[in-house]
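Here the structure is laid out as structure tokens; the discussion comes afterwards.
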Amino acid sequence: MRRSPSQELAPGTWAPARRIAERVLGPIERFMHVEAASGIVLLIASAVALAWANSPWGDAYEHLWHVPITLSAGSLAFTQPLHFWINEGLMTIFFFVVGLEIRREIHEGELSDLKRAALPVAAAVGGMIAPALLYLSLNASPVSRHGWGVPMATDIAFAVGVLALLGKRVPPALRVLLLALAIIDDIGAIIVIALFYSSGVAWSGLLVAAGGGLAVLLLQRFGVRSPAAYVAPGAIVWWGMLRAGVHPTIAGVAIGLLTPVRSWFGTEGFVAAARDAVDRVAALNERDGHRADELLKPLGRIRQAQREALPPVVRLQAALHPWVAYGIMPLFAFANAGVRIDASSLGHPASGTILLGVTLGLVVGKPLGVFLASFAMVRLGVCALPRGVGWRGIAVVGCVAGIGFTMAIFIAGLAFGDAAMLAAAKLGVLLASGVAAVVGLLVGRLVLSGTPVPGAALTLEEAEGSTEQ
């Protein structure tokens, strides 16, 4: 039986080398399709950072992030340490993906309908207020209270990863609820960063950022579809935010929210364009002596149809997600989770209460806030639980929402300039995230049966529109 072209080796390929590559890359590809995989990579990066920072070579770890890196264009040069380029540069791409997710959810997801959004909004708001209040109750001092925003954040990668480890015990509706809660939590964290963790606003910088945003809108009006064309105006927005004193990563969110949510071709347009291109290729194939370059136009049409079948917000999110999940976020964790645990690094008088406030805020405040706010809103009749989700499920969501990690560490870096106070906050985040993950797994195994409830959604698609009154 003759193999299809897709099963045959490409010209010039050495069969033994190809088999070796498949054996090496196959397990990696399968691992990257596991829901909890990105959380595992984050965990490994954090563990390596902690081990290095507390090893005899800990000074080398600290010095690495202070290595200066310069971007220059002609006579213009911009020099910043490596740590800046990770936290303020690469993390802008992370926030851009967050902005894309928020934009998509507002258009067609959980946030597109007020009735469906009411429960995750209530849960997220409760899960942000309770940890902040608990932290402030332990850190009333002006020196340490600035860290109240640290325990507010939920790390979606880790939280979803923990739910994935619970397997079929977790109904699809509960997973959708956690995703929506985490997205609203991200919105809250972005607002907190913009309003409370940015320096005094310089209006000239905001004007520069507005000019970059206007350029993005103009390119869209002119029908420019190439993502590369938006890099320059996006960089202008980033630079403007930096000059304005607003944290520059907010530029990523702003550009993400401006990304179009409607496709150009759509499904029908893709089918029509692809059929036309295939007919042209078939006609060329029937003709003797056609040149290879004659295929360029119909094949280009197929590529265009394939690209424009999806809305830009979906296409960009799918393209960037692996880079963010397996590249940027682990690098951020590696650069920020290396906390030196000794008396000198945690020697500030407020270190103890900061560590305790962050830990209790995430481990205790998060589940309490999520559960009590959800309970209050349901009892008041403002919203209803999704079909198949009970209060035990809400309790599990509250527990795993206490995994702060990426966003919490990010806010800690903005909240504390003192090295000892920052180390205490980071250590609190790492400790709390580990405890919350273990508690979430244990509670989930104890209270979730995995038995489908009659009428409950069986898939994520069904769950997105499933609420009972």
Side-chain angles (χ1 to χ4, degrees), residues 95 97-132 152-157 159-160 163 170-195 253-254 256-262 311 313-314 317 366-403 407 453 455-469:
F95 277 91
V97 174
V98 170
L100 292 174
E101 180 66 19
I102 294 170
R103 183 75 177 94
R104 189 186 67 80
E105 286 291 324
I106 291 174
H107 177 67
E108 62 179 7
E110 286 292 285
L111 306 184
S112 63
D113 182 87
L114 290 177
K115 186 178 178 181
R116 292 208 309 268
L119 179 61
V121 167
V125 171
M128 289 185 282
I129 293 175
M152 292 176 64
T154 295
D155 189 291
I156 189 170
V160 172
L163 282 192
V170 180
L174 192 63
R175 189 167 300 169
V176 169
L177 176 62
L178 176 63
L179 289 171
L181 184 153
I183 291 164
I184 298 162
D185 194 284
D186 284 342
I187 296 173
I190 290 163
I191 294 172
V192 166
I193 291 169
L195 296 181
V253 180
L257 291 175
L258 291 176
T259 305
V261 291
R262 291 182 174 86
V313 69
V314 174
Q317 186 183 359
K366 270 286 185 183
L368 276 178
V370 168
F371 189 89
L372 292 178
S374 302
F375 186 82
M377 291 298 102
V378 170
R379 284 292 178 262
L380 289 172
V382 176
C383 54
L385 294 179
R387 284 196 292 270
V389 173
W391 291 113
R392 293 179 178 184
I394 299 296
V396 174
V397 166
C399 290
V400 299
I403 304 173
M407 193 71 83
V453 175
L458 299 177
T459 65
L460 289 176
E461 290 74 14
E462 291 177 9
E464 286 187 347
S466 173
T467 54
E468 62 181 10
Q469 302 299 319

Requested in this report: Using atom types as modelled and distance alone, determine if a side-chain donor or acceptor of Lys366 lies under 3.5 Å from a backbone N or O of Met152.
Outcome: yes
Query raised in the report: Can you tell me how far the CG atom of Leu368 sits from the CD1 atom of Ile129, to the nearest 0.5 Å?
Result: 13.5 Å
Query raised in the report: Taking C-beta and beyond as the side chain, do Leu177 and Ile394 meet within less than 4.5 Å on heavy atoms?
Result: yes
**Report entry** From CD1 (Ile190) to CG (Leu195), nearest 0.5 Å
**Finding:** 11.5 Å
Query - Minimum heavy-atom distance Cys383-Ala118, with the two atoms named - result: CB-CB, 3.6 Å
Query - Any Pro386 side-chain heavy atom under 4.5 Å of Leu119 side chain - result: yes
Query raised in the report: Mind checking what makes side chain to side chain donor-acceptor pair (under 3.5 Å) contact with Glu101, not counting sequence neighbours?
Result: Arg104, Gln317
Report summary line: dist Glu105:CD -> Ile184:CD1 (nearest 0.5 Å) comes out at 8.5 Å
Report task. Please round to the nearest 0.5 Å and tell me the distance separating atom CD1 of Ile193 and atom CE of Met407. Result -> 5.5 Å
Query raised in the report: Closest approach of Ser374 and Ala123, non-hydrogen atoms and distance?
Result: OG-CB, 3.4 Å
Report summary line: The reported gap from CD1 in Ile102 to CD1 in Ile187 (rounded to nearest 0.5 angstrom) is 4.0 Å
**Report entry** pair Val389-Val397: side-chain heavy atoms closer than 4.5 Å
**Finding:** no
Requested in this report: Take Asp186 and Phe95 through the side chain to side chain contact (heavy atoms under 4.5 Å, CB included) test and state the conclusion after the steps.
Outcome: CA-CA 9 Å; Asp186 284 342; Phe95 277 91; over 6 Å; no
Query raised in the report: At their closest point, which heavy atom of Ala159 faces which heavy atom of Thr154, and how far apart are they?
Result: CB-CG2, 4.3 Å
Requested in this report: Locate the shortest heavy-atom distance separating Gly369 from Ala130; write the atom from each residue and the value.
Outcome: CA-CB, 3.7 Å
Requested in this report: Find out whether Pro260 and Val313 are in side-chain contact, i.e. whether some heavy atom of one side chain is under 4.5 Å from a heavy atom of the other.
Outcome: no
Requested in this report: Compare every heavy atom of Arg103 with every heavy atom of Gly256, then report the nearest pair and how far apart it is.
Outcome: O-CB, 3.8 Å
Report summary line: What one should report as the nearest heavy-atom pair of Leu163 and Val170 is O-CG2, 3.6 Å
Query raised in the report: Are Val261 and Glu108 side-chain neighbours, meaning at least one heavy-atom pair lies under 4.5 Å?
Result: no
